[in-house]
Number of protein chains: 2
Amino acid sequence: MKQQAIFRALADPSRRRILKLLQKGSMTAGELAHTFDFTQASLSHHFAVLKVADLVCTERRGQNIVYSLNSTVFEDMARLVMDLFAVQEERKK
Amino acid sequence: MKQQAIFRALADPSRRRILKLLQKGSMTAGELAHTFDFTQASLSHHFAVLKVADLVCTERRGQNIVYSLNSTVFEDMARLVMDLFAVQEERKK
DNA sequence: TGTATATTTAGATAAGTATCTAAATAATGT
DNA sequence: ACATTATTTAGATACTTATCTAAATATACA
(Lines give C-alpha, C1' and ligand atoms only; values in the text may rest on other atoms or scores of the structure.)
Protein backbone atom coordinates (compact mmCIF):
# COMPACT_ATOMS: atom_id res chain seq x y z
CA MET A 1 0.00 0.00 0.00
CA LYS A 2 1.41 3.33 -1.01
CA GLN A 3 0.52 5.54 1.88
CA GLN A 4 1.98 8.71 0.42
CA ALA A 5 0.26 8.14 -2.92
CA ILE A 6 -3.10 7.71 -1.20
CA PHE A 7 -2.83 10.84 0.91
CA ARG A 8 -1.53 12.83 -2.01
CA ALA A 9 -4.41 11.67 -4.19
CA LEU A 10 -7.00 12.62 -1.60
CA ALA A 11 -5.56 16.10 -1.17
CA ASP A 12 -7.21 17.42 -4.32
CA PRO A 13 -10.94 18.25 -4.22
CA SER A 14 -11.51 17.29 -7.85
CA ARG A 15 -10.12 13.86 -7.19
CA ARG A 16 -12.30 13.42 -4.13
CA ARG A 17 -15.25 14.44 -6.27
CA ILE A 18 -14.31 11.78 -8.82
CA LEU A 19 -14.28 9.17 -6.06
CA LYS A 20 -17.70 10.29 -4.89
CA LEU A 21 -19.07 10.07 -8.41
CA LEU A 22 -17.75 6.53 -8.70
CA GLN A 23 -19.65 5.53 -5.57
CA LYS A 24 -22.80 5.55 -7.67
CA GLY A 25 -21.24 3.07 -10.06
CA SER A 26 -18.58 2.82 -12.74
CA MET A 27 -18.22 5.60 -15.28
CA THR A 28 -16.19 6.10 -18.42
CA ALA A 29 -13.46 8.71 -18.58
CA GLY A 30 -15.68 10.76 -20.88
CA GLU A 31 -18.72 10.65 -18.63
CA LEU A 32 -16.63 11.74 -15.70
CA ALA A 33 -15.04 14.51 -17.73
CA HIS A 34 -18.47 15.90 -18.67
CA THR A 35 -19.23 16.64 -15.05
CA PHE A 36 -16.17 18.91 -14.80
CA ASP A 37 -15.19 22.16 -16.44
CA PHE A 38 -11.66 20.95 -17.07
CA THR A 39 -10.39 19.53 -20.30
CA GLN A 40 -10.38 15.80 -20.68
CA ALA A 41 -6.60 15.91 -20.60
CA SER A 42 -6.62 17.48 -17.14
CA LEU A 43 -9.08 14.91 -15.90
CA SER A 44 -6.91 12.18 -17.35
CA HIS A 45 -4.09 13.46 -15.21
CA HIS A 46 -6.25 13.17 -12.11
CA PHE A 47 -7.21 9.63 -13.10
CA ALA A 48 -3.54 8.78 -13.26
CA VAL A 49 -2.94 10.07 -9.75
CA LEU A 50 -5.88 8.04 -8.45
CA LYS A 51 -4.60 4.97 -10.23
CA VAL A 52 -1.12 5.27 -8.79
CA ALA A 53 -2.75 5.31 -5.38
CA ASP A 54 -4.75 2.23 -6.32
CA LEU A 55 -7.95 4.05 -5.48
CA VAL A 56 -9.59 3.22 -8.79
CA CYS A 57 -9.52 0.33 -11.25
CA THR A 58 -9.82 0.67 -15.01
CA GLU A 59 -11.12 -1.61 -17.66
CA ARG A 60 -11.29 -0.99 -21.37
CA ARG A 61 -14.70 -1.59 -22.89
CA GLY A 62 -14.50 -0.93 -26.60
CA GLN A 63 -13.44 2.64 -27.19
CA ASN A 64 -14.15 3.62 -23.63
CA ILE A 65 -12.17 3.18 -20.50
CA VAL A 66 -14.37 2.43 -17.54
CA TYR A 67 -13.33 3.66 -14.11
CA SER A 68 -14.56 2.16 -10.87
CA LEU A 69 -13.80 2.47 -7.18
CA ASN A 70 -11.27 0.04 -5.80
CA SER A 71 -13.03 -0.64 -2.54
CA THR A 72 -10.35 -2.98 -1.25
CA VAL A 73 -8.28 0.09 -0.49
CA PHE A 74 -10.96 1.25 1.86
CA GLU A 75 -9.66 -0.99 4.61
CA ASP A 76 -6.17 0.33 4.05
CA MET A 77 -7.41 3.89 4.27
CA ALA A 78 -9.35 3.20 7.45
CA ARG A 79 -6.25 1.68 8.97
CA LEU A 80 -4.18 4.69 7.96
CA VAL A 81 -6.56 7.10 9.62
CA MET A 82 -6.93 4.98 12.74
CA ASP A 83 -3.20 4.72 12.91
CA LEU A 84 -2.82 8.44 12.68
CA PHE A 85 -5.18 9.28 15.49
CA ALA A 86 -5.11 6.32 17.84
CA VAL A 87 -3.69 7.46 21.14
CA GLN A 88 -0.72 5.39 22.21
CA GLU A 89 -1.94 4.56 25.73
CA GLU A 90 -5.11 2.99 24.42
CA ARG A 91 -3.28 0.40 22.38
CA LYS A 92 -3.60 -3.05 23.89
CA LYS A 93 -1.07 -5.57 22.63
CA MET B 1 -14.92 21.05 9.82
CA LYS B 2 -12.55 22.13 7.10
CA GLN B 3 -12.36 19.11 4.87
CA GLN B 4 -9.86 20.58 2.44
CA ALA B 5 -7.59 21.78 5.23
CA ILE B 6 -7.57 18.32 6.80
CA PHE B 7 -6.74 16.47 3.60
CA ARG B 8 -4.13 19.03 2.67
CA ALA B 9 -2.51 18.73 6.08
CA LEU B 10 -2.33 14.96 5.88
CA ALA B 11 -0.75 15.03 2.44
CA ASP B 12 2.71 15.80 3.79
CA PRO B 13 4.73 12.97 5.37
CA SER B 14 6.44 15.24 7.89
CA ARG B 15 3.10 16.40 9.17
CA ARG B 16 1.86 12.85 9.49
CA ARG B 17 5.02 12.06 11.41
CA ILE B 18 4.31 14.96 13.75
CA LEU B 19 0.85 13.55 14.41
CA LYS B 20 2.28 10.14 15.17
CA LEU B 21 4.80 11.65 17.58
CA LEU B 22 1.98 13.43 19.37
CA GLN B 23 0.19 10.12 19.89
CA LYS B 24 2.73 9.37 22.62
CA GLY B 25 1.81 12.57 24.38
CA SER B 26 2.16 16.31 24.11
CA MET B 27 5.46 17.80 23.00
CA THR B 28 6.86 21.29 22.77
CA ALA B 29 7.68 22.83 19.41
CA GLY B 30 11.35 22.50 20.23
CA GLU B 31 11.17 18.83 21.17
CA LEU B 32 9.33 18.07 17.96
CA ALA B 33 11.82 20.08 15.94
CA HIS B 34 14.73 18.08 17.37
CA THR B 35 13.41 14.90 15.81
CA PHE B 36 13.59 16.46 12.33
CA ASP B 37 16.42 17.69 10.18
CA PHE B 38 14.56 20.83 9.17
CA THR B 39 14.99 24.20 10.76
CA GLN B 40 12.61 25.14 13.51
CA ALA B 41 11.10 27.72 11.17
CA SER B 42 10.13 25.03 8.68
CA LEU B 43 8.59 22.94 11.41
CA SER B 44 6.69 25.95 12.63
CA HIS B 45 5.17 26.22 9.18
CA HIS B 46 4.00 22.63 9.39
CA PHE B 47 2.51 23.28 12.83
CA ALA B 48 0.53 26.13 11.32
CA VAL B 49 -0.90 23.89 8.62
CA LEU B 50 -1.90 21.31 11.23
CA LYS B 51 -3.50 24.00 13.33
CA VAL B 52 -5.55 25.41 10.48
CA ALA B 53 -6.90 21.88 10.00
CA ASP B 54 -7.66 21.70 13.73
CA LEU B 55 -5.61 18.55 13.99
CA VAL B 56 -3.55 19.83 16.91
CA CYS B 57 -4.11 22.10 19.89
CA THR B 58 -1.52 24.41 21.38
CA GLU B 59 -0.99 25.75 24.85
CA ARG B 60 1.74 28.05 26.03
CA ARG B 61 3.61 26.82 29.08
CA GLY B 62 6.21 29.37 30.06
CA GLN B 63 8.62 29.87 27.20
CA ASN B 64 7.43 26.74 25.44
CA ILE B 65 4.47 26.07 23.29
CA VAL B 66 3.06 22.63 23.86
CA TYR B 67 1.44 20.78 20.99
CA SER B 68 -1.04 17.98 21.42
CA LEU B 69 -3.33 15.90 19.23
CA ASN B 70 -6.84 17.19 18.86
CA SER B 71 -8.54 13.83 19.03
CA THR B 72 -12.03 15.26 18.53
CA VAL B 73 -11.17 15.61 14.85
CA PHE B 74 -10.69 11.89 14.65
CA GLU B 75 -14.41 11.31 14.29
CA ASP B 76 -14.56 13.90 11.54
CA MET B 77 -11.71 12.21 9.71
CA ALA B 78 -13.29 8.80 10.02
CA ARG B 79 -16.51 10.18 8.62
CA LEU B 80 -14.63 11.77 5.72
CA VAL B 81 -12.99 8.51 4.78
CA MET B 82 -16.18 6.49 5.18
CA ASP B 83 -17.95 9.03 3.07
CA LEU B 84 -15.37 8.76 0.37
CA PHE B 85 -15.50 5.01 0.04
CA ALA B 86 -18.99 4.01 1.06
CA VAL B 87 -20.71 2.48 -1.91
CA GLN B 88 -23.96 4.20 -2.70
CA GLU B 89 -26.15 1.06 -2.85
CA GLU B 90 -25.23 0.06 0.66
CA ARG B 91 -26.59 3.24 2.16
CA LYS B 92 -29.79 2.63 4.07
CA LYS B 93 -31.84 5.76 4.67
C1' DT C 1 15.69 46.96 31.95
C1' DG C 2 18.72 43.86 29.45
C1' DT C 3 20.00 39.28 27.99
C1' DA C 4 19.01 34.55 26.88
C1' DT C 5 15.82 31.06 25.17
C1' DA C 6 11.72 29.52 22.49
C1' DT C 7 8.86 30.16 18.84
C1' DT C 8 6.78 32.41 14.96
C1' DT C 9 6.65 35.56 10.91
C1' DA C 10 8.50 37.59 6.58
C1' DG C 11 10.62 37.27 2.39
C1' DA C 12 13.14 34.57 -1.02
C1' DT C 13 13.84 30.44 -3.78
C1' DA C 14 13.39 25.91 -5.51
C1' DA C 15 10.51 22.04 -6.22
C1' DG C 16 6.02 20.18 -7.03
C1' DT C 17 1.30 20.36 -9.01
C1' DA C 18 -2.79 21.66 -11.87
C1' DT C 19 -4.15 23.05 -16.02
C1' DC C 20 -3.93 24.04 -20.91
C1' DT C 21 -3.08 23.00 -26.07
C1' DA C 22 -1.41 19.97 -29.35
C1' DA C 23 0.11 15.54 -30.63
C1' DA C 24 -0.04 10.45 -30.00
C1' DT C 25 -2.38 5.98 -29.24
C1' DA C 26 -6.18 2.83 -29.57
C1' DA C 27 -10.57 0.99 -31.02
C1' DT C 28 -14.67 1.26 -34.35
C1' DG C 29 -17.05 1.38 -38.58
C1' DT C 30 -16.87 2.14 -43.60
C1' DA D 1 -6.60 1.45 -45.30
C1' DC D 2 -9.04 5.73 -43.68
C1' DA D 3 -11.88 8.66 -40.93
C1' DT D 4 -14.07 9.13 -36.43
C1' DT D 5 -14.39 8.90 -31.54
C1' DA D 6 -12.28 8.14 -26.89
C1' DT D 7 -8.50 8.59 -24.14
C1' DT D 8 -3.79 9.44 -22.84
C1' DT D 9 0.84 11.60 -23.24
C1' DA D 10 4.08 15.51 -23.94
C1' DG D 11 5.45 19.96 -23.27
C1' DA D 12 4.53 24.58 -21.52
C1' DT D 13 2.94 27.80 -17.98
C1' DA D 14 0.98 29.48 -13.79
C1' DC D 15 0.14 28.47 -9.08
C1' DT D 16 1.11 26.39 -4.75
C1' DT D 17 4.02 24.52 -1.32
C1' DA D 18 8.35 23.32 1.33
C1' DT D 19 12.31 24.97 2.88
C1' DC D 20 15.83 28.32 4.04
C1' DT D 21 17.86 32.65 6.40
C1' DA D 22 17.05 36.66 8.88
C1' DA D 23 14.13 39.40 11.64
C1' DA D 24 10.33 39.82 15.01
C1' DT D 25 7.72 38.50 19.17
C1' DA D 26 7.14 36.57 23.67
C1' DT D 27 8.56 34.75 28.07
C1' DA D 28 11.93 34.10 31.88
C1' DC D 29 15.41 35.54 34.80
C1' DA D 30 19.09 38.39 36.64
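Note that this is a predicted model, so its numbers are computed, not measured. Residue numbers start from 1 in every chain, and the chains themselves are labelled A, B, ... in the order their sequence lines are given, proteins ahead of strands.
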Rounded to the nearest Å, what distance is computed from the [atom1] atom of residue [X] to the [atom2] atom of nucleotide [N]?
X       : N      : atom1 : atom2 : answer
B:Asp12 : D:dT19 : CG    : C1'   : 11 Å
B:His46 : D:dT17 : NE2   : P     : 12 Å
A:Gln40 : D:dT7  : CD    : P     : 5 Å
A:His34 : D:dT5  : NE2   : P     : 13 Å
A:Gln4  : D:dA18 : CD    : P     : 10 Å
A:Arg8  : D:dT17 : CZ    : P     : 13 Å

CG (B:Leu69) and CG (B:Leu55) are apart, to the nearest 0.5 Å, by 8.5 Å

Could you measure the distance from the NE2 atom of A:His34 to the CE atom of A:Met27? Nearest 0.5 Å is fine.
10.0 Å

Taking any heavy-atom pair under 4.0 Å as a contact, classify [X]: base, sugar-phosphate, or nothing.
X       : result
A:Ala29 : sugar-phosphate
B:Phe36 : nothing
B:His45 : base

Mark yes or no for whether B:Arg15, through its side chain, and B:Ala9, through its backbone, hold a donor-acceptor pair below 3.5 Å.
yes

What's the shortest heavy-atom distance between A:Arg16 and A:Leu10, and which atoms?
NH1-O, 2.7 Å

Of the non-hydrogen atoms in B:Gln40 and B:Ala29, which two are nearest, and what is the gap between them?
NE2-C, 4.0 Å

Below the 4.0 Å mark, does D:dT7 have OP1 or OP2 next to a side-chain nitrogen or oxygen of A:Asn64?
yes

Under 4.0 Å protein heavy-atom contact, by nucleotide of nucleotides 25-30 of chain D - B base, S sugar-phosphate only:
-SBS--

Which of these passes side-chain contact (heavy atoms from CB on, under 4.5 Å) with A:Phe47: A:Leu32, A:Thr58, A:Val56, A:Val52?
A:Leu32

Apply the test side chain to side chain contact (heavy atoms under 4.5 Å, CB included) to residues B:Val66 and B:Ser26: give CA-CA distance (whole Å), side-chain angles for both, the deciding distance (0.1 Å), then the verdict.
CA-CA 6 Å; B:Val66 180; B:Ser26 313; 3.5 Å; yes

Would a 4.5 Å heavy-atom cut-off, applied to side chains only, mark B:Thr28 and B:Tyr67 as touching?
no

Consider only side-chain heavy atoms of I, L, V, M, F, W and Y, link residues closer than 4.5 Å, and tell whether A:Leu43 and A:Leu19 are in one cluster.
yes

Chain B on DNA chain C: first and last contacting nucleotide, 5' to 3', under 4.0 Å to a heavy atom?
C:dT5 to C:dT9

